[in-house]
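Only heavy atoms go into these numbers, but all of them, side chains included; no hydrogens, no water, no symmetry mates.
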Amino acid sequence: MKPVFEAMTSLIMFIMIAMIASHPGRALAGRADLVLYNGNVITVDESLPRARAVAVAGERILYVGDDQAALAMAGPNAKRIDLQGRTLI
């Protein structure tokens with residue numbers, strides 16, 4: 001079961017990086033339903049090559065940047081995932 005979970009996690013992270021590239025360092029209106037924080041986020045954007053957190057609502061990335069701002073965007077039922085220093089690509 002663990003290899004399947006790790007494969008799914010890697011796939012989700014890969015998809016998210018493609019979305020991050022289109023919205024780096026910007027916040028859009030709305031509340032996040034998923035916040036990934038305390039990580040090493042590699043954005044592949046020269047203006048913001050690394051970040052610590054990502055806030056997502058549905059299929060849209062709302063914010064890429066620091067933990068505090070990303071967590072502040074979390075909606076009341078948001079899932080918060082502590083990456084514990086792991087890399088999100």
Side-chain angles (χ1 to χ4, degrees):
M1 185 68 164
K2 188 173 181 176
V4 172
F5 176 75
E6 290 175 358
M8 291 293 291
T9 301
S10 295
L11 177 61
I12 290 168
M13 290 182 180
F14 178 78
I15 292 168
M16 288 185 66
I17 192 63
M19 294 167 51
I20 289 170
S22 65
H23 298 289
R26 292 189 210 70
L28 302 175
R31 299 300 261 158
D33 52 29
L34 172 64
V35 176
L36 301 152
Y37 67 98
N38 189 27
N40 176 32
V41 180
I42 300 172
T43 69
V44 294
D45 178 355
E46 291 179 15
S47 67
L48 182 67
R50 302 231 181 206
R52 301 235 345 125
V54 178
V56 181
E59 296 180 7
R60 298 195 77 165
I61 294 191
L62 301 178
Y63 177 79
V64 178
D66 65 90
D67 292 336
Q68 186 176 11
L71 288 165
M73 297 187 78
N77 298 318
K79 184 170 186 176
R80 294 163 180 86
I81 299 176
D82 183 350
L83 295 173
Q84 299 176 352
R86 288 177 283 200
T87 298
L88 173 66
I89 298 176

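In this structure, the side chains of R80 and L71 come closer than 4.5 Å at one or more pairs of heavy atoms. Counting only heavy atoms from C-beta outward, the side chains of R50 and T43 never approach each other to under 4.5 Å.
Criterion: ILVMFWY side-chain heavy atoms under 4.5 Å apart, direct or through other members. Under it, I61 and V35 are not part of a common hydrophobic cluster.
Interatomic distance, L36 CG to L34 CG, rounded to the nearest 0.5 Å: 4.5 Å. The line from CG of L62 to CZ of R60 is 8.0 Å long, rounded to the nearest 0.5 Å.
With hydrogens and angles left out, the side-chain atoms of R52 and N38 include a donor and acceptor closer than 3.5 Å.
Pairing each heavy atom of A53 with each of A70, the nearest pair is CB-CB, 3.5 Å. In terms of heavy atoms, A32 sits closest to A55 at CB-CB, 3.8 Å. In terms of heavy-atom proximity, G75 sits nearest to R31 at CA-CB, 4.0 Å.
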May I have the step-by-step check of side-chain contact (heavy atoms from CB on, under 4.5 Å) for Y37 and D82, ending in yes or no?
CA-CA 5 Å; Y37 67 98; D82 183 350; 3.4 Å; yes
